[in-house]
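Some notes on the structure that comes next.
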Amino acid sequence: MTEKDNLKREETKQKAQEAASKLVKAIDEEPDDFHRYYNLGVFLTQANSFEQAEELYMKALGQFKKDKQAQNTLHYGLGNAYYEAGEFKKALKQFQCVQDSSLKSDAYLMIAQTYVAEDDYKTALAFALTAQTKHQQDPTINGLIGEIFLALGDFKHAAAYYDQALQADEKNGKYQFERGLIALVQGEEETDYFKRAKDLDPVYFKKSQQRLEDIEKFIQTRNQNSKKEKENN
């Protein structure tokens, strides 16, 4: 690591410490405001300090046990901390505690993502579709539903939901790439999707190239087998 990298790393670390200090100070100033605990928990989760986030949320849940709004928000925050830590079963329990109508769809979305992480796509689909009923134009939800249908091998529905996601978020490189894969499998024109994906999100495109190569090999094998069957008949 170069001296410049070290300086940048130290600067980032210092900024993070300053931000954390401000959030802690905010709690000291208003200890009865649960939002401040939630904000610090989000910060700790984003900083990968999962044990600290868990400890904070658990403490806050005990402190605000008679406040329903606080309970819903803090359970949701703790669920996100567990999800990011890969503790999916613990995450599900927290998201299932959320009953507040303003957070319910977000909780259903996270439950769906958690089931996706555990490769339970059918259960994930049920929760994702429920979340989508009140947010039909939300590209994040539609993109997730597209991902689930793709995993289930339902290319027609996967394409439809990715198309909806791209209508609202056409600069999403991941969605462009996934839509390109579907187009490739269905024999549609896929070049523009992949070109946009590479321009918009080169990191995701590079990371996903192996999948593209696997799909191309699958299609090539499928076409060869189809040709042999016609010749034999």
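Computation of the quantities below employed the complete heavy-atom set of this structure, encompassing side-chain atoms and omitting hydrogens, waters and symmetry-equivalent molecules.
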Checking [X] side chain against [Y] main chain: does a donor-acceptor pair fall under 3.5 Å?
| X | Y | result |
| --- | --- | --- |
| Asp201 | Asn172 | no |
| Gln71 | Phe64 | yes |
| Ser208 | Phe205 | no |

Side chains of [X] and [Y]: closer than 4.5 Å at any heavy-atom pair?
| X | Y | result |
| --- | --- | --- |
| Phe194 | Gln209 | no |
| Arg211 | Phe177 | yes |
| Phe95 | Tyr76 | yes |
| Glu189 | Thr191 | yes |
| Val98 | Asp106 | no |

Just checking, any donor-acceptor pair under 3.5 angstrom between side chains of [X] and [Y]?
| X | Y | answer |
| --- | --- | --- |
| Gln176 | Tyr162 | no |
| Asn72 | Gln99 | no |
| Asp163 | Gln167 | no |
| Thr130 | Gln132 | no |

Does [X] pair with [Y] as a salt bridge, N-O distance under 4.0 Å?
| X | Y | value |
| --- | --- | --- |
| Glu147 | Lys174 | yes |
| Glu190 | Lys195 | no |
| Asp100 | Lys68 | no |

Measuring from atom [atom1] of [X] to atom [atom2] of [Y], what distance do you get when rounded to the nearest 0.5 angstrom?
| X | Y | atom1 | atom2 | value |
| --- | --- | --- | --- | --- |
| Leu212 | Lys206 | CG | NZ | 15.0 Å |
| Asp154 | Ile145 | CG | CD1 | 12.0 Å |
| Gln52 | Thr45 | CD | OG1 | 10.5 Å |

Establish whether [X] and [Y] are linked, either directly or via other cluster members, by ILVMFWY side-chain heavy-atom contacts under 4.5 Å.
| X | Y | result |
| --- | --- | --- |
| Ile141 | Ile111 | no |
| Leu125 | Leu109 | yes |
| Leu152 | Val185 | no |
| Val24 | Phe50 | no |
| Ile182 | Leu200 | no |

Which heavy atom of [X] sits nearest to which heavy atom of [Y], and what is that distance?
| X | Y | answer |
| --- | --- | --- |
| Ala128 | Ala112 | N-CB, 3.7 Å |
| Glu216 | Leu184 | CG-CD2, 3.8 Å |
| Ala81 | Tyr57 | CB-CE1, 4.4 Å |
| Gln136 | Thr133 | NE2-O, 3.6 Å |
| Pro139 | Tyr175 | O-OH, 3.2 Å |
| Leu23 | Phe43 | CD1-CB, 3.6 Å |

(request) Let me know which of Met110, His75, Glu87 forms a side chain to side chain contact (heavy atoms under 4.5 Å, CB included) with Gln94. (result) His75
(message) Let's go through Leu92 and Glu118 carefully: what are the C-alpha distance in whole Å and the side-chain angles of both, what is the deciding distance for side-chain contact (heavy atoms from CB on, under 4.5 Å) to 0.1 Å, and is it a yes or a no?
(response) CA-CA 11 Å; Leu92 282 173; Glu118 292 195 308; 4.1 Å; yes
Is the number of heavy atoms from other residues, nucleotides or ligands within 6.0 Å of [atom1] ([X]) greater than 12?
| X | atom1 | result |
| --- | --- | --- |
| Glu51 | CD | no |
| Gln186 | CD | yes |
| Glu55 | CD | no |
| Lys198 | NZ | no |

(message) What verdict does the side-chain hydrogen bond (donor to acceptor under 3.5 Å, both in side chains) test give for Asn80 and Glu84, after you've listed the backbone C-alpha separation in whole Å, the side-chain angles of each residue and the deciding distance to 0.1 Å?
(response) CA-CA 6 Å; Asn80 277 303; Glu84 293 297 333; over 6 Å; no
(request) Enumerate the residue pairs fulfilling ring-ring contact (aromatic ring centres under 6.0 Å, His included) with a member in residues 120-156, sequence neighbours excluded, ordered by first and then second residue. (result)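 Qualifying pairs, neighbours excluded: Tyr108-Phe127, Tyr115-Phe127, Phe149-His157, Phe149-Tyr161.
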(request) May I have the step-by-step check of side-chain contact (heavy atoms from CB on, under 4.5 Å) for Phe88 and Tyr83, ending in yes or no? (result) CA-CA 5 Å; Phe88 300 126; Tyr83 176 84; 3.9 Å; yes
Tell me which donor-acceptor pairs under 3.5 Å the side chains of residues 26-33 have, and how far apart each pair is, sequence neighbours excluded?
| residue | atom | partner | partner atom | Å |
| --- | --- | --- | --- | --- |
| Asp33 | OD1 | His35 | N | 3.0 |
| Asp33 | OD1 | His35 | ND1 | 3.1 |
| Asp33 | OD2 | Arg36 | NE | 3.3 |

